[in-house]
Number of protein chains: 2
Amino acid sequence: MEELCIRLAQIYPLPEPALSKFLSIWKSTSYEKGAHLLKTGQISNYMYFVGKGAVRIYYQKEEKEITEWLALDNNFFFSIQSFFQRVPSRLAIHALENSEVFMMHHDDLMQLCEQSHETEKLFRKMITTSLILSQIRMESIQFENAHQRYQRLLSSSPDILRRVPLSYIASFLGITQETLSRVRNAR
Amino acid sequence: MEELCIRLAQIYPLPEPALSKFLSIWKSTSYEKGAHLLKTGQISNYMYFVGKGAVRIYYQKEEKEITEWLALDNNFFFSIQSFFQRVPSRLAIHALENSEVFMMHHDDLMQLCEQSHETEKLFRKMITTSLILSQIRMESIQFENAHQRYQRLLSSSPDILRRVPLSYIASFLGITQETLSRVRNAR
DNA sequence: TACAATATTTGACAATTGTCAAATAATAAA
DNA sequence: TTTATTATTTGACAATTGTCAAATATTGTA
């Protein structure tokens with residue numbers, strides 16, 4: 001919870017009493033390694049924050065599993081389209097390690113946003129952050145080759161290799177496992 | 001202006017008096033073909049809406065010009081990172097045709113957002129729309145080949161080929177002009 | 001420890017796309 | 001209309017990455 005507060009304050013320092021109310025709608029849960037936070041076809045009701053731990057967002061694409069996102073310690077994540085558009089999620093989410101996860105229900109958030117302009121503002125800034133990250137990732141995928149993408153990931157998240165199977169990382173980077181294996185050794 | 005109102009209402013129907021105030025901060029300008037709306041290195045102060053016309057957002061990458069976005073008739077566009085983070089823009093924007101452009105200054109928008117919760121909500125929804133589009137485009141770039149990306153563009157914006165030079169479209173799709181030329185003929 | 005299951009690496013080859021140069025087509029200017 | 005300029009297409013070849021199969025390494029479990 002500590003870390004969640006810190007991350008929120010970095011995005012926008014919500015004044016009281018809105019802050020207390022906002023924090024109160026986050027629920028804490030523990031997920032065992034392998035457990036699902038969200039399954040394909042469910043409407044994703046939550047925005048999540050992983051404290052200590054790691055989760056993977058993925059989906060099925062022609063008999064392959066595509067890793068859409070990896071979130072390690074102290075990061076937000078959610079199934080964007082399902083959460084916002086209230087449609088069944090194409091994405092599934094599971095824990096890669098035993099993880100401490102905080103989650104906030106869509107309806108609770110919307111209710112607070114109605115009541116509190118300041119909370120709406122915080123939420124707007126959270127989405128803005130996601131949008132900027134999305135742009136950066138898009139550019140990386142479009143213009144960097146396998147080696148450059150791997151290096152970028154390494155420098156932004158150095159311990160990811162020790163904690164996440166190579167096949168997931170490769171898919172997240174948009175390359176095959178074999179290519180990633182070659183790229184990270186030799187050359 | 002008509003079309004701008006329609007598009008805004010689709011995103012969120014802002015009630016009066018907020019709507020009138022919001023509309024009043026949009027300024028209308030005409031740009032001649034080739035004219036710049038924004039040059040590299042400037043801080044991008046505006047969110048834009050092109051009425052009738054076409055614009056191109058691009059940047060320089062190792063002696064090549066990369067087309068980051070193309071906006072035709074009745075669409076929003078802006079230099080996301082510069083607009084939100086108030087840093088000099090890596091992107092430039094110019095008109096591909098004589099264009100009718102509406103623009104809204106960052107500071108005016110922020111002032112209205114402070115005053116009006118409803119306006120903040122509209123803005124939040126506009127960003128959410130951008131985020132979802134960004135996700136869809138990212139997936140297209142990551143998992144579709146040149147031919148599929150071209151087809152997707154054609155179906156979402158059929159007249160783009162008649163109005164935008166092939167080299168810009170190719171760059172926008174993340175492929176070379178030669179590959180696009182081959183993909184759209186034969187095969 | 002030894003075995004089984006899973007994960008990663010390696011090799012051979014194919015598919016896709018990029019690069020560079022030249023030819024052709026389309027457009028704008030004289 | 002003719003010419004000059006710009007845009008698009010085509011060919012030959014190279015680079016990158018993907019695919020499939022097999023080998024090796026790692027991890028978890030009896």
Side-chain angles (χ1 to χ4, degrees), chain A residues 32-35 54 56 58 60-67 70 72 94-98 137-154 158-187, chain B residues 32-35 54 56 58 60-67 70 72 94-98 137-154 158-187:
Chain A
E32 301 241 320
K33 178 173 177 173
R56 167 179 173 248
Y58 68 96
Q60 206 72 23
K61 189 182 174 78
E62 297 151 15
E63 63 241 45
K64 281 179 199 158
E65 266 186 11
I66 305 291
T67 295
L70 295 169
L72 272 63
H94 73 163
L96 293 174
E97 305 170 352
N98 294 337
R137 184 166 177 222
M138 182 152 59
E139 198 180 317
S140 170
I141 289 171
Q142 191 163 9
F143 297 114
E144 293 179 343
N145 62 24
H147 187 249
Q148 291 168 324
R149 279 183 253 173
Y150 170 72
Q151 288 297 334
R152 172 185 293 273
L153 181 67
L154 256 197
D159 60 341
I160 203 167
L161 268 186
R162 288 185 292 97
R163 294 169 61 183
V164 180
L166 204 71
S167 58
Y168 296 165
I169 293 174
S171 176
F172 177 58
L173 293 176
I175 57 183
T176 60
Q177 167 177 320
E178 293 92 332
T179 296
L180 180 54
S181 174
R182 288 177 173 118
V183 141
R184 75 168 182 172
N185 308 322
R187 180 176 307 198
Chain B
E32 302 240 321
K33 178 173 176 172
R56 167 181 173 245
Y58 66 97
Q60 205 73 24
K61 187 182 176 78
E62 297 150 16
E63 63 240 45
K64 280 179 201 158
E65 267 187 8
I66 305 290
T67 295
L70 295 169
L72 273 63
H94 74 164
L96 294 174
E97 307 169 352
N98 295 336
R137 183 166 178 220
M138 182 153 57
E139 198 180 316
S140 170
I141 288 171
Q142 191 164 9
F143 297 113
E144 292 179 343
N145 63 23
H147 186 250
Q148 292 167 323
R149 278 183 253 174
Y150 170 72
Q151 288 297 335
R152 171 185 293 274
L153 181 66
L154 257 198
D159 61 340
I160 203 168
L161 267 185
R162 288 187 291 97
R163 294 168 62 182
V164 180
L166 204 71
S167 59
Y168 295 165
I169 294 175
S171 176
F172 177 57
L173 293 176
I175 57 183
T176 61
Q177 168 178 321
E178 292 92 332
T179 296
L180 180 53
S181 173
R182 287 175 175 120
V183 141
R184 74 167 180 173
N185 307 323
R187 180 175 306 197

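Here the structure is a predicted model, which means the values were calculated and not measured. A, B, ... follow the sequence lines: proteins, then strands. Residue 1 opens every chain. Because only heavy atoms are used, hydrogens play no part in the values below, and waters and symmetry mates are left out as well, while side chains stay in.
Side-chain N or O atoms of Glu144(A) include none that pairs as donor or acceptor with a backbone N or O of Ile141(A) at under 3.5 Å. No donor-acceptor pair under 3.5 Å is formed between the side chain of Arg56(A) and the backbone N or O of Leu70(A). A donor-acceptor contact shorter than 3.5 Å is absent between the side chain of Thr67(B) and the backbone of Phe172(B).
Of the candidates dC20(D), dT8(C), dG18(D), the closest approach to any side-chain atom of Glu178(A) belongs to dC20(D). Listed candidates were dT17(D), dT9(D), dT9(C). Nearest to the side chain of Arg184(B) is dT9(D). Checking dT16(D), dT9(C), dG18(D) against the side-chain heavy atoms of Asn185(A) singles out dT9(C) as nearest. For Asn145(B), the side-chain atoms get nearest to dT17(C) when compared with the rest of dT17(D), dT8(C), dT17(C). Of the candidates dT8(D), dT17(C), dT17(D), the closest approach to any side-chain atom of Ala146(A) belongs to dT17(D).
For the OP1/OP2 pair of dT19(C) and a distance below 4.0 Å, the side-chain nitrogens and oxygens of Lys64(B) include at least one atom meeting the criterion. Considering only side-chain N and O atoms, Thr179(A) lies nowhere under 4.0 angstrom from the phosphate OP1 or OP2 of dT17(D).
Computed from coordinates, the Leu173(B) CG to dT16(C) P distance equals 18 Å when rounded to whole Å. The CD atom of Glu65(B) sits 11 Å away from the P atom of dA7(D) (whole-angstrom rounding). The separation between Phe143(A) atom CZ and dG18(C) atom P is 11 Å, rounded to whole Å. Remark: C1' of dA7(D) and CZ of Arg163(B) are 19 Å apart, rounded to the nearest angstrom. Rounded to an integer number of Å, the gap from CD1 of Ile66(B) to C1' of dG18(C) is 13 Å. Atom-to-atom, CD1 of Ile175(A) to C1' of dT16(C) comes out at 16 Å; the value is rounded to the nearest Å. In this structure, the CG atom of Leu166(B) is 13 Å from the P atom of dT27(C), given to the nearest Å. If you measure from atom CD of Gln177(A) to atom P of dT19(D), you get 12 Å, rounded to the nearest angstrom.
Under a 4.0 Å N-O distance rule, the pair Glu139(B)/Arg152(B) does not qualify as a salt bridge.
Between Arg184(B) and Leu166(B) the shortest side-chain heavy-atom distance falls below 4.5 Å.
Donor-acceptor pairing under 3.5 Å, judged by distance alone, is present between the side chain of Arg182(B) and the base of dG11(D).
Take the nearest nucleotide of DNA chain C for Lys33(B) and for Thr176(B): the residue whose nucleotide is more 5' is Thr176(B).
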